[in-house]
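As structure tokens, the structure follows; a few thoughts come after it.
Computed over heavy atoms, backbone and side chain alike; hydrogens, waters and symmetry mates excluded. Values in this document were obtained by computation on a predicted structure and should not be read as measured data.
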Amino acid sequence: QAQSAPGLWGPGARRRCWGGPEVPGPMAPAERKEEGNKLFLAKRWAEAAEKYSLGLQEGGEELAQDARGLLLSNRSQCYLNLEEWQKAFEDADACLKLLPEHTKSVFRRGTAHERLGREAEALADFVKVAKAEPGNRPAVDASRRLRDKLAKQGHQRRDEALPANLVRVLQGVSEQEGGASSCQQRVEACQTLRALCVRGGLTRSLLSSGALDVLVQMAVNEETAADLRAASLGALMAMASGHEAAEEEDKRCPPPGQGPLPVAEEVSAARRRLHEELPVARLRRSCRSHDKSMQQLVLLLGFTHEPEDIDALEAVHDSLTFVEGGEVNVPRAGVVALTAMLDTRYRLGKRGQPLVPSEALLKCMESAMGTTTCEEPLRSLFPRFFSLLADTDRPKGKEVELGSIGQRMLEPFLQSDDIVLKGNGLAALVGLFAANALAATTVLHNGPAALTAILHALTRPPPGREGRSAQASAAECLLLATGTRKTRQSLVEGGGIDMILGALKDGEEGSSGLLRAKLVAVLAMLAGHNKEIREEIFDRMDFLMELRGALDVAREHMAAARAKIGAESAPAMEDARRLCRGLFESCVCLTIHGEFKEVLMPAKKTLKAMHDLVSAVDLAEDSNLGFLFTSLVYNLCRSRQDKVRTKKKEYPFNELQDDDLDALEQMVEKMPAESRPEKNGEVDAGSAELAEQLRTWCVQGGLTQGSQSKASTVISNLGKCVAHGSNQVKNMIALVMKLLCANKEHRRFVATSGGVCPLLALV
């Protein structure tokens with residue numbers, strides 16, 4: 001007879017028959033839950049869900065409410081991990097009917113809601129958890145993320161519905177039933193469309209809604225009010241711009257750089273359609289008497305038309321004839337539009353067709369140079385215009401006489417008594433030098449106007465901002481011009497040294513450090529012209545101290561340019577590197593001579609300032625700086641005993657391979673006469689002892705500050721030049737490394753400074 005003890009037949013108990021084996025009884029839901037938890041921790045979620053289901057089944061109707069709720073909640077999490085979203089939602093929701101305040105289940109239900117696409121319901125659950133548990137980071141982050149997403153979707157839906165409504169307003173249908181929209185309502189609708197393009201990026205929606213056609217019709221209609229025409233052209237300009245536009249026109253000047261500016265497909269489509277459909281001649285007549293309309297028209301044409309489109313150029317020219325300085329500066333918009341046209345072509349590089357300047361384009365350029373309130377946009381315009389004309393890869397019949405064009409354009413402004421117009425002429429000459437030094441030199445020597453204007457602006461600038469601007473352009477012209485022997489000779493014969501020294505003396509009280517640095521760089525180039533001039537300059541000033549100051553200013557200018565961001569960074573960097581190139585060029589010419597190196601060697605601060613002028617990044621990005629830095633180090637390391645192995649009989653072929661000759665000849669052209677020997681080694685590069693001291697400085701004096709590895713930055717910088725330099729640069733670096741490694745003590749520093757890799761790259 002079976003006997004039982006109290007509780008023997010309870011859940012999970014075992015029954016024993018007398019004389020028979022133990023038989024398992026049903027397990028408690030709590031035990032099923034524990035088994036499920038172990039499986040969950042082992043990431044065996046399907047098996048864990050089965051255990052939780054068994055617990056629910058075996059508990060039956062008698063299972064306590066809280067126990068049932070927890071089993072449902074745990075199974076919900078298993079389903080979430082298994083990506084069975086609907087089952088997860090059902091279990092979490094069932095749990096919350098039993099345990100309404102169970103925050104884990106609220107969060108799990110919110111997660112399932114989101115996965116099922118019910119983002120509003122998910123947000124409500126996440127917010128509930130975040131309020132109950134402010135420290136619950138996942139709930140707080142999910143709430144913020146979904147709130148932002150839903151808000152953005154709401155704005156997007158509203159904005160996508162706006163174009164159609166706004167087009168109805170533009171077509172004359174008022175938002176109020178049964179009425180016609182007023183002119184003011186249409187102007188406001190145009191302004192809203194413009195904002196949608198600029199801030200919302202809804203050009204695609206506007207194109208599909210027919211807004212472009214309506215805006216063009218409104219702008220062309222002769223009965224359209226002037227303010228409404230201006231607003232419609234402004235909206236079209238925003239559609240064609242392809243970027244966030246600022247209210248100031250000059251901020252729409254494209255940043256310098258290579259390669260087309262990236263624009264969305266819909267923006268390109270808008271530009272193509274506007275180029276094909278805009279009746280520019282009619283619009284030009286309609287806008288000629290209204291400043292705001294003309295401003296918006298030419299800004300639009302800057303994005304949509306080419307520098308060969310005569311009607312567009314005529315419209316730009318019209319804008320340049322408006323009175324300057326008013327509430328709406330129309331001429332400034334014309335300069336910006338012309339710059340945009342030329343910049344688009346320039347960025348195409350070889351893919352763009354060569355620019356042959358028409359009379360209409362030259363007329364626009366001359367009118368732009370005649371403006372008096374457009375200094376900054378003009379500084380962007382000149383380099384683009386002259387760079388396009390300097391392109392020599394042209395088919396027959398499309399050749400351009402850049403020197404003649406430059407002479408024709410610049411001479412009237414260089415001869416002007418108005419300091420602003422003279423400053424514009426000098427700024428244009430800087431742009432011409434940057435594009436083609438030979439053409440600029442032609443302008444400089446085809447008459448006295450250019451050199452006279454430079455020296456006059458440099459030594460007798462009128463007070464005020466305009467005078468300082470013209471003086472800065474004059475110094476920049478000199479810096480670029482003194483690279484040629486003929487210009488240096490003309491400057492010396494014309495009393496240029498006295499004038500520059502006088503300008504430096506006057507500038508001690510007020511001129512900027514940047515201007516002073518440029519003038520010192522010019523004097524350094526003149527000092528390399530011949531020994532007599534060098535001695536005169538060194539006698540009349542503390543040249544090494546001034547040179548060190550100029551190098552420090554140039555380095556600070558470079559650092560400031562590097563810190564700039566956005567559209568301002570590229571022109572600032574190019575301006576800073578141009579000064580660095582000028583200073584390096586002068587130092588290269590001076591260090592050819594042993595007598596200068598003897599003076600330089602004790603002046604360690606000046607020597608270090610030469611080295612610190614540029615960074616490894618600058619050497620990698622600017623091949624000209626790399627060439628000049630390498631030339632400087634080569635000159636420092638060479639003595640009169642160091643000969644270059646000849647390859648051919650006559651200079652300059654006796655030093656380099658055939659593929660280096662073009663680059664070398666350009667450098668030789670800039671060197672002073674005494675630095676261009678007919679035979680190798682004629683220039684006295686200094687004694688072997690002096691060269692040894694300078695080589696020691698290169699491998700030890702240029703050590704990285706605070707570095708435990710004792711690495712010379714001279715060597716590491718030469719490594720950058722190897723990686724990014726021409727064959728000519730690599731040949732020079734090979735010679736430098738040979739000279740540095742001649743001393744056994746130096747080899748250790750070359751190796752620890754990373755000199756082995758550049759040497760291997762040269763093999």
Side-chain angles (χ1 to χ4, degrees), residues 255-259 346-347 349 379-380 383-384 386-387 390 430-437 440 476 479-483 514 517-518 521 524-525 550-589 591 609-636 660 662-667 669-671 702 713-733 736 758 761:
Q258 293 291 340
Y346 174 82
R347 289 174 181 276
R379 289 183 181 276
S380 298
R384 284 294 178 261
F386 289 123
S387 294
V430 170
L432 182 56
F433 263 113
N436 189 306
E476 189 81 12
L479 182 63
L480 295 166
T482 48
L514 192 58
K518 292 177 181 178
M525 290 294 292
L551 291 165
D552 289 341
V553 168
R555 187 182 67 253
E556 292 168 4
H557 189 42
M558 182 77 84
R562 199 175 290 115
K564 291 182 181 293
I565 58 174
E568 295 181 354
S569 61
M573 182 59 71
E574 176 54 32
D575 183 54
R577 285 181 176 169
R578 192 158 53 231
L579 175 57
C580 290
R581 286 193 290 268
L583 283 166
F584 260 151
E585 228 174 84
S586 60
C587 291
V588 168
C589 289
T591 53
M610 285 185 186
H611 168 264
D612 293 344
L613 182 57
V614 293
S615 67
V617 174
D618 300 317
L619 295 173
E621 293 179 352
D622 191 321
S623 59
N624 290 325
L625 280 176
F627 167 71
L628 292 169
F629 178 82
T630 304
S631 300
L632 177 63
V633 177
Y634 174 65
N635 288 346
L636 291 175
D660 300 325
D662 289 341
L664 178 62
E665 286 170 357
Q666 293 176 14
M667 184 62 190
E669 176 65 24
K670 294 181 179 181
M671 290 182 177
T713 50
V714 174
I715 305 300
S716 60
N717 284 347
L718 287 174
K720 287 290 183 183
C721 296
V722 168
H724 302 276
S726 64
N727 288 337
Q728 180 188 9
V729 169
K730 293 175 182 177
N731 286 341
M732 263 195 294
I733 292 174
V736 169

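- By the side-chain hydrogen bond (donor to acceptor under 3.5 Å, both in side chains) test, Arg581 is found to be paired with Glu574, Asp622, residues two or more places apart in sequence or in another chain being considered.
- By the side-chain contact (heavy atoms from CB on, under 4.5 Å) test, Ala576 is found to be paired with His557, Met558, Ala561, residues two or more places apart in sequence or in another chain being considered.
- The two residues Lys720 and Ala616 come nearest to each other via the heavy atoms CG-CB, 3.8 Å.
- For Asn436, there are no side-chain hydrogen bond (donor to acceptor under 3.5 Å, both in side chains) partners, not counting sequence neighbours.
- Scanning for salt bridge (charged side-chain N to carboxylate O under 4.0 Å, His left out) contacts around Arg577 gives Asp618, Glu621, with sequence neighbours left out.
- If you take CG on Leu551 and OG on Ser586, they are separated by 7.5 Å, rounding to the nearest 0.5 Å.
- Under the side-chain hydrogen bond (donor to acceptor under 3.5 Å, both in side chains) criterion, Asp612 pairs with Lys608, not counting sequence neighbours.
- For the residue pair Ser387 and Pro383, the shortest heavy atom distance occurs at OG-O, 2.6 Å.
- The two residues Leu579 and Leu514 come nearest to each other via the heavy atoms CD2-CD1, 3.5 Å.
- Partners of Thr630 by side-chain contact (heavy atoms from CB on, under 4.5 Å), not counting sequence neighbours, listed by chain and number: Leu718, Cys721, Val729, Met732, Ile733.
- For Glu556, there are no side-chain hydrogen bond (donor to acceptor under 3.5 Å, both in side chains) partners two or more places apart in sequence or in a different chain.
- Between atom CG of residue Leu625 and atom OG of residue Ser615 there is a gap of 9.5 Å, rounded to the nearest 0.5 Å.
- When all heavy atoms of Leu583 and Ala517 are compared, the pair lying nearest together is CD2-O, 4.3 Å.
- Considering only residues two or more places apart in sequence or on other chains, Ala560 meets the side-chain contact (heavy atoms from CB on, under 4.5 Å) condition with none of them.
- With sequence neighbours excluded, the residues that form a side-chain contact (heavy atoms from CB on, under 4.5 Å) with Cys587 are Leu547, Met610, Leu632.
- Not counting sequence neighbours, the partners of Asp552 by the salt bridge (charged side-chain N to carboxylate O under 4.0 Å, His left out) test are Arg555.
- Val430 is not listed as a side-chain neighbour of Arg379, based on a closest heavy-atom distance of 4.5 Å or more.
- Between Phe584 and Phe629, the two ring planes are perpendicular [angle over 60°; tilted spans 30° to 60°].
- For the atom pair Leu479 CG and Glu585 CD, the distance stands at 8.0 Å (nearest 0.5 Å).
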